[in-house]
Colleague: 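A single structure is presented below for examination.
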Amino acid sequence: LKSAPAAEAVTNQPVRLVIVGDSTVCNWPENSIKRGWGMFIQDYFTSNQVQVVNLARSGRSTKTFIKEGLWAAALKEKPNYVLIQFGHNDSHSPTKPEATDAKTTYRQYLRQYIDESRAIGARPVLITPMCRRNFKADGQVENALLPYANAMKAVAEEKHVPLVDLNTASVKLCNQLGPKVSDALADSPTDHTHFNTKGAQEMARLVMQEVPGLEPSLQQYETSS
């Protein structure tokens, strides 16, 4: 695939990078301990050249983000790049309205995100859902989201879309830290899904150590720090 032309080269406007996803990604209020990794992506770019717009929303899945009109709003932002991470809420009980099936509907919705991003000239990047920090008796992560991560990988291969395997990277990190130390990433020791600042920054680091390599056209905008 050819790289999209840099936005500012044509219009003198910043490159727009829109993020869509769920509560592990979204902006949280300043007075909340919770933080999403999308809140820290701007730090990786020269601010006057790349504008990060984090439109992730708590509780949403691939399905409900579309059905509630949130995806249509994201497309109206006219992004040059779209980072897409869903899976946590998709994996809920099939009786829940947000649930999707990893083998069928989850993949169908991901294809819609990809096709509609490309239709407006944006470049989508898929990001597999990071693991929940639930550990088995042997001290290793019980990766219940693996079916959704694998489904996203299959769609990425099918559609020739860049993919950050945050699921695998987060499992590796949590296994290295172990159950007790990984609690330091959480907003609460009893919350095995969400993050505090430290945890969200770690997820952002895992994402951004991959994205510029997958989209080399972004490398020119990286900060030197």
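Note that the structure is a prediction, hence the values are computed from the model and not measured.
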Colleague: Are Lys34 and Asp191 packed together at the side-chain level, in the sense that at least one heavy-atom pair is separated by less than 4.5 angstrom?
Modeller: yes
Colleague: Is the number of heavy atoms from other residues, nucleotides or ligands within 6.0 Å of CG (Leu214) greater than 12?
Modeller: yes
Colleague: Asn89 side chain to Arg60 main-chain N or O, any donor-acceptor pair under 3.5 Å?
Modeller: yes
Colleague: Can you confirm whether Ile19 sits close enough to Val25 that some side-chain heavy atom of one is under 4.5 Å from a side-chain heavy atom of the other?
Modeller: yes
Colleague: Write down the atom of Pro124, the atom of Pro162, and the distance for their closest heavy-atom approach.
Modeller: O-CD, 3.5 Å
Colleague: Can you tell me how far OG of Ser217 sits from OH of Tyr81, rounded to the nearest 0.5 angstrom?
Modeller: 2.5 Å
Colleague: How long is the span from the CD atom in Gln201 to the CG atom in Leu206, to the nearest 0.5 Å?
Modeller: 12.0 Å
Colleague: Going by side chain to side chain donor-acceptor pair (under 3.5 Å), name the pairs with one or both residues in residues 170-184, residues two or more places apart or in two chains.
Modeller: Gln140-Asn175
Colleague: Could you state whether Leu173 and Phe40 fall into the same hydrophobic cluster, counting links through intermediate Ile, Leu, Val, Met, Phe, Trp or Tyr residues with side-chain heavy atoms under 4.5 angstrom apart?
Modeller: no
Colleague: I need the full list of ring pair (Phe, Tyr, Trp, His ring centres under 6.0 Å) pairs touching residues 163-206, with sequence neighbours left out, sorted by first then second residue.
Modeller: none
Colleague: Step by step, work out the side chain to side chain contact (heavy atoms under 4.5 Å, CB included) result for Val211 and Val164.
Modeller: CA-CA 7 Å; Val211 167; Val164 176; 3.8 Å; yes
Colleague: Could you tell me whether Glu215 and Arg123 make a salt bridge, using a distance below 4.0 angstrom between a side-chain N and a carboxylate O?
Modeller: yes
Colleague: Tell me, with the steps shown, if Glu98 and Lys63 meet salt bridge (Lys or Arg N to Asp or Glu O under 4.0 Å).
Modeller: CA-CA 6 Å; Glu98 70 273 15; Lys63 177 168 66 175; over 6 Å; no
Colleague: Mind checking what makes side-chain contact (heavy atoms from CB on, under 4.5 Å) contact with Ser91, not counting sequence neighbours?
Modeller: Arg132, Leu145, Tyr148
Colleague: Give, for atom OG1 of Thr105 and atom CG of Asp90, the distance between the pair rounded to the nearest 0.5 Å.
Modeller: 7.5 Å
Colleague: Please determine whether residues Val125 and Phe45 belong to a single hydrophobic cluster, defined as Ile, Leu, Val, Met, Phe, Trp and Tyr linked transitively by side-chain heavy-atom distances below 4.5 Å.
Modeller: yes
Colleague: When you group the ILVMFWY residues by side-chain heavy-atom contacts below 4.5 Å and let the links chain together, are Ile66 and Leu55 in the same group?
Modeller: yes
Colleague: Hey, mind stepping through Arg57 and Asp22 against salt bridge (Lys or Arg N to Asp or Glu O under 4.0 Å) and telling me if it holds?
Modeller: CA-CA 5 Å; Arg57 190 77 66 88; Asp22 54 35; over 6 Å; no
Colleague: Less than 4.5 Å apart, any side-chain heavy atom of Thr24 and any of Met130?
Modeller: yes
Colleague: Can you list everything that forms a ring pair (Phe, Tyr, Trp, His ring centres under 6.0 Å) with Tyr113? Sequence neighbours excluded, please.
Modeller: Trp71, Phe86
Colleague: Leu185 and Met39: same hydrophobic cluster, using ILVMFWY side-chain contacts below 4.5 Å?
Modeller: no
Colleague: Test side chain to side chain contact (heavy atoms under 4.5 Å, CB included) on Tyr106 and Ser61; report intermediate values, then the result.
Modeller: CA-CA 9 Å; Tyr106 179 66; Ser61 66; over 6 Å; no
Colleague: Tell me every residue that passes side chain to side chain donor-acceptor pair (under 3.5 Å) with Asn143, counting only those two or more places apart in sequence or in another chain.
Modeller: Asn167
Colleague: Tell me if the CD atom of Gln219 is crowded by more than 12 foreign heavy atoms within 6.0 Å.
Modeller: yes
Colleague: Nearest 0.5 Å please: distance from the OH atom of Tyr44 over to the OG1 atom of Thr223.
Modeller: 8.5 Å
Colleague: Using every non-hydrogen atom in the two residues, find where Glu222 and Pro212 come nearest and quote the distance to one decimal.
Modeller: OE2-CG, 3.4 Å
Colleague: Could you please spell out the steps behind the side chain to side chain contact (heavy atoms under 4.5 Å, CB included) verdict for Leu83 and Val18?
Modeller: CA-CA 6 Å; Leu83 304 187; Val18 166; over 6 Å; no
Colleague: Is there a chain of hydrophobic side chains (I, L, V, M, F, W, Y, each step under 4.5 Å between heavy atoms) that links Met203 to Trp28?
Modeller: no
Colleague: Atom CG of Asp187 and atom OG of Ser32: how far apart are they, to the nearest 0.5 Å?
Modeller: 7.0 Å
Colleague: Could you check whether any side-chain heavy atom of Leu166 comes within less than 4.5 Å of a side-chain heavy atom of Glu210, counting everything from C-beta outward?
Modeller: no
Colleague: Any non-hydrogen side-chain atom of Ile127 less than 4.5 Å from a side-chain atom of Leu163?
Modeller: no
Colleague: Going by atom types alone, do Trp37 and Gln85 pair a side-chain donor with an acceptor below 3.5 Å?
Modeller: yes
Colleague: I'd like to know if the side chain of Asn27 pairs up with that of Asn54 as donor and acceptor (distance under 3.5 Å, no hydrogens or angles considered).
Modeller: yes
Colleague: Say whether, by atom type as modelled, one donor and one acceptor occur between the side chain of Thr46 and the main chain of Asn48 under 3.5 angstrom.
Modeller: no
Colleague: Please tell me if the side chains of Glu116 and Leu75 come closer than 4.5 Å, counting only heavy atoms from C-beta onward.
Modeller: yes
Colleague: Got a sec, which pairs hit salt bridge (charged side-chain N to carboxylate O under 4.0 Å, His left out) with one end in residues 99-114, sequence neighbours left out?
Modeller: Arg111-Glu158
Colleague: Ile120 and Pro79: which non-hydrogen atoms are nearest, and at how many Å?
Modeller: CD1-CD, 3.8 Å
Colleague: Has Asn134 got a side-chain atom pairing as donor or acceptor with Glu142's backbone, closer than 3.5 angstrom?
Modeller: no
Colleague: Could you pull out the closest heavy-atom pair between Ala102 and Pro147, with the gap in Å?
Modeller: CB-O, 3.8 Å
Colleague: With rounding to the nearest 0.5 Å, note down the distance linking OG1 in Thr197 to CD in Glu202.
Modeller: 12.0 Å
Colleague: Can you name the nearest heavy-atom pair linking Leu110 to Val155, along with the distance?
Modeller: CB-CG1, 4.1 Å
Colleague: If you define the side chain from C-beta out and look only at heavy atoms, does anything of Pro14 sit under 4.5 Å from Gln49?
Modeller: no
Colleague: Looking only at heavy atoms, what is the nearest atom pair of Pro97 and Thr64, with distance?
Modeller: O-CG2, 4.0 Å
Colleague: Checking side chain to side chain contact (heavy atoms under 4.5 Å, CB included) for the pair Val53/Leu17: CA distance, chi angles, key distance, verdict?
Modeller: CA-CA 6 Å; Val53 182; Leu17 189 153; over 6 Å; no
